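Numbering of residues begins at 1 and proceeds along the displayed sequence. Bear in mind the structure is a predicted one, so any value in this text is a computation, not a measurement.
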Amino acid sequence: MYQAFLIKYGEIGVKGKNRHIFEDTLVSQTANALKSVDGAFTVRKENGRIYAEAQAEFDFAETVEALTCVFGIVGICPVVLVEDEGFEKLAETVISYVQKAFPRHDVTFKVVTRRARKNYPMESMEVSAALGERLLEAFPQLKVDVHNPQITLHVEIRNKINLYSQVIPGPGGMPVGTAGRAMLLLSGGIDSPVAGYMIAKRGVKIDAVYFHAPPYTSERAKQKVVDLAKEIAKYAGPIRLHVVNFTEIQLYIYDKCPHDQLTIIMRRYMMKLAEHFAAEDEDLGLITGESIGQVASQTMQSMAVTNEVCTMPVYRPLIGFDKQDIVDIAQKIGTYETSILPFEDCCTIFVAKHPVTKPNLKSILKSETHLKERIEALFQEAVDTAQTIRVEA
């Protein structure tokens, strides 16, 4: 019965003169998402609405699943588009729609009409009342309930008349590509993939960097991160993933610096390397999965010392989340099961038994002076040997 989907957006609708930019991006992102499903679709915008119309047979469930991964969409409505041939023809179509869409008729309903085309001869309330009357005549078991109906039939009078009764929730947010780019520090844990998802939801295009530490971390650990990037790419689009060999830097820090400061100093060099690749990719900031107090490197004092090495802003979308909040989102977006696979990354291999939780910046800087002999060469080697992978869903 359905050959089209009405795509609803949220906060895009309150944009000003640049609203068309967000709409056009959402049209483009919707069209890209539908390329992955069987069938051909035309995506267009019309007077504050976006439509995805099927040009051939398609898989309904697969199409809906693809649309629920497009940021900017708040509602997906399987819609019947009807030519305006007068009220009598509309009433016949509505009765046919209810007959096909709802096998049971011993339910409550209401009709909600929106008359976007003001030259229609009947007002919205008149249309709703008249259609309700016709439905009661056709299906005597139906009952009207305007407050809490089991079925709400939406009738939107536009260039064509839109009939729909189902609103499938979309992910919300803003279309990816409307808010610049940022570099995600992606590990194999639960938090960083969720952080990437959260920032992408605000329209940011994502690049990523992963710190690999062979032979202490395996190729399976690296593949785990690639798999996580694929899950994020379902929502964020293709991701440039920079795989940086961090082993020599970690070993050098381990050899030269106090062990209670290892985590902080290693983290500072990760941020420096991430910022290097972010600058190359023309990103506007860094993204981490940090949450206040979750581990020693995520206390307020630790994050302040880490930030000191950065010139770019650092975005921490999970900063106030409880662990369970993060786990819930990870399960919803499909990254959790991959994140808990038992392949450790470099962050978990080189961990001090008693890491400092309130590091002093002067003390950290003094410890880093022990690295001067080789750290610049090791940094450059890490940059030169990095592998860049294009990851797609």
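Tyr336 and Asp328 share no donor-acceptor pair across their side chains, judged by distance under 3.5 Å alone. For the 3.5 Å distance criterion, the side chains of His212 and Thr217 qualify, holding a donor opposite an acceptor. In the model, Ser128 has a side-chain atom that pairs as donor or acceptor with a side-chain atom of Thr113 under 3.5 Å. Glu231 and Thr335 share no donor-acceptor pair across their side chains, judged by distance under 3.5 Å alone.
Hydrophobic cluster membership differs between Phe211 and Met303, with clusters built from Ile, Leu, Val, Met, Phe, Trp and Tyr side chains linked at under 4.5 angstrom. Hydrophobic clustering keeps Val295 apart from Met266 (ILVMFWY residues linked when any side-chain heavy atoms are closer than 4.5 Å, directly or through intermediates). Put simply, Leu365 and Val356 are part of the same group of oily side chains (I, L, V, M, F, W, Y) that touch within less than 4.5 Å, one to the next. By the criterion of side-chain heavy atoms lying less than 4.5 angstrom apart, applied directly or through intervening Ile, Leu, Val, Met, Phe, Trp or Tyr residues, Ile329 is not grouped with Ile292; the two fall into different hydrophobic clusters. Met300 and Val309 fall into different hydrophobic clusters, where Ile, Leu, Val, Met, Phe, Trp and Tyr residues are linked whenever their side-chain heavy atoms come under 4.5 Å apart, directly or through other members.
Proximity of Asp283 to Phe277: side-chain heavy atoms (C-beta onward) are nowhere separated by under 4.5 Å. With a 4.5 Å cut-off on side-chain heavy atoms, Lys256 and Arg374 do not count as touching. Residues Pro317 and Ile287 have side chains in contact (heavy-atom distance under 4.5 Å, counting atoms from C-beta outward). Using a 4.5 Å cut-off on side-chain heavy atoms (C-beta onward), Phe102 and Tyr97 make contact. Inter-residue side-chain proximity for Val305 and Arg268 is flagged as met; some heavy-atom pair is nearer than 4.5 Å. Using a 4.5 Å heavy-atom threshold, the side chains of Asp145 and Lys110 count as separate. For the pair Pro214/Thr247, a side-chain contact is recorded, criterion being any heavy-atom separation below 4.5 Å from C-beta on. Under the 4.5 Å side-chain criterion, counting only non-hydrogen atoms from C-beta, Val98 is in contact with Leu135.
Checked for salt-bridge contact, Arg49 and Glu156 meet the test: a charged N lies under 4.0 Å from a carboxylate O. Of the charged side-chain nitrogens involved, none lies within less than 4.0 Å of a carboxylate oxygen, so that Glu83 and Lys89 do not count as a salt-bridged pair. Between Glu219 and Lys224 there is no salt bridge, since no side-chain N of the basic residue sits under 4.0 Å from a carboxylate O of the acidic one. Here Lys366 does not pair with Glu368 in a salt bridge; the nearest charged N to carboxylate O distance is not below 4.0 Å. Between Asp84 and Lys160 there is no salt bridge, since no side-chain N of the basic residue sits under 4.0 Å from a carboxylate O of the acidic one. Of the charged side-chain nitrogens involved, at least one lies within less than 4.0 Å of a carboxylate oxygen, so that Arg181 and Asp207 count as a salt-bridged pair.
In terms of modelled atom types and a separation under 3.5 Å, the side chain of Lys143 and the main chain of Val107 share no donor-acceptor contact. A donor-acceptor pair under 3.5 Å links the side-chain atoms of Glu275 to the main chain of Thr311, judged by distance alone. Here the side chain of Glu126 pairs a donor or acceptor atom with the backbone of Glu123 at under 3.5 angstrom. In this structure, Ser28 contributes its side chain and Asp24 its backbone to no donor-acceptor pair below 3.5 Å. The backbone N or O of Ser363 sits less than 3.5 Å from a side-chain atom of Asn360, completing a donor-acceptor pair. A side-chain donor-acceptor contact under 3.5 Å links Ser218 to the backbone of Ala221. Of the possible polar contacts, one joining the Gln150 side chain to the Thr108 backbone as a donor-acceptor pair under 3.5 Å is found. A donor-acceptor contact shorter than 3.5 Å is absent between the side chain of Glu248 and the backbone of Leu378.
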Exercise. Begin from the C-alpha positions of Arg158 and Tyr120 and carry the test side chain to side chain contact (heavy atoms under 4.5 Å, CB included) through to its verdict.
Key: CA-CA 9 Å; Arg158 299 180 176 275; Tyr120 194 77; over 6 Å; no

Quiz item: Are Arg316 and Asn307 close enough, and set up right, to give a side chain to side chain donor-acceptor pair (under 3.5 Å), and what steps lead you there?
Solution: CA-CA 11 Å; Arg316 297 180 170 95; Asn307 271 20; 2.7 Å; yes

Quiz item: Please walk me through it: do Ser302 and Thr299 pass side chain to side chain donor-acceptor pair (under 3.5 Å)?
Solution: CA-CA 5 Å; Ser302 295; Thr299 63; 2.9 Å; yes

Practice problem: Mind running side chain to side chain donor-acceptor pair (under 3.5 Å) on Gln250 and Tyr216 for me, showing each step along the way? | Solution: CA-CA 11 Å; Gln250 283 187 297; Tyr216 302 98; over 6 Å; no

Quiz item: Given the rule in the salt bridge (Lys or Arg N to Asp or Glu O under 4.0 Å) test, do Arg19 and Glu11 qualify, once you have shown the distances and angles that lead to the verdict?
Solution: CA-CA 10 Å; Arg19 173 173 162 175; Glu11 59 186 290; over 6 Å; no

Practice problem: Report the C-alpha distance between Thr357 and Gln301 in whole Å, list the side-chain angles of each, state the deciding distance to 0.1 Å, and finish with yes or no for side chain to side chain donor-acceptor pair (under 3.5 Å). | Solution: CA-CA 7 Å; Thr357 58; Gln301 294 88 344; over 6 Å; no

Quiz item: Between Phe41 and Phe58, does a ring-ring contact (aromatic ring centres under 6.0 Å, His included) hold up when you go through it step by step?
Solution: CA-CA 9 Å; Phe41 292 84; Phe58 65 97; 5.3 Å; yes

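A distance of 6.5 Å separates CG of Asp38 from CG of Asp59, quoted to the nearest 0.5 Å. With rounding to the nearest 0.5 angstrom, the CZ atom of Arg267 is 14.5 Å from the CD1 atom of Ile265. Between the OG1 atom in Thr306 and the CG atom in Leu286 there is a gap of 11.5 Å [rounded to 0.5 Å]. Here OG1 of Thr263 is found 9.0 Å from CE of Met270. Values are rounded to the nearest 0.5 Å. Note that CG of Asp325 is 9.5 Å distant from CG of Leu318, once rounded to the nearest 0.5 Å. The structure places NZ of Lys222 at 10.0 Å from CG of Asn245, a figure rounded to the nearest 0.5 Å.
For Lys15 and Phe22, the positive end sits near the middle of the six-membered ring, less than 6.0 Å away and at most 45° from its axis.
The environment of NZ in Lys118 is crowded: more than 12 heavy-atom neighbours from other residues, nucleotides or ligands sit within 6.0 Å. The number of heavy-atom neighbours closer than 6.0 Å to CD of Gln55, taken from other residues, nucleotides and ligands shown, is above 12. Within 6.0 Å of CD on Glu65 lie no more than 12 heavy atoms contributed by other residues, nucleotides or ligands. By the neighbour-count criterion of 12 heavy atoms within 6.0 Å, atom CD of Gln324 is densely surrounded, having more than that number from other residues, nucleotides or ligands.
Results of the side-chain contact (heavy atoms from CB on, under 4.5 Å) test with Pro193 over Thr338, Asp227, Leu228, Leu184 single out Leu228 as the only residue that passes.
Among all heavy-atom pairs drawn from Tyr315 and Gly285, the shortest one is CE1-CA, 3.9 Å.
Residues Phe60 and Phe5 place their aromatic rings such that the two centres sit under 6.0 Å apart.
Between Tyr197 and Tyr235, the two ring planes are perpendicular [angle over 60°; tilted spans 30° to 60°].
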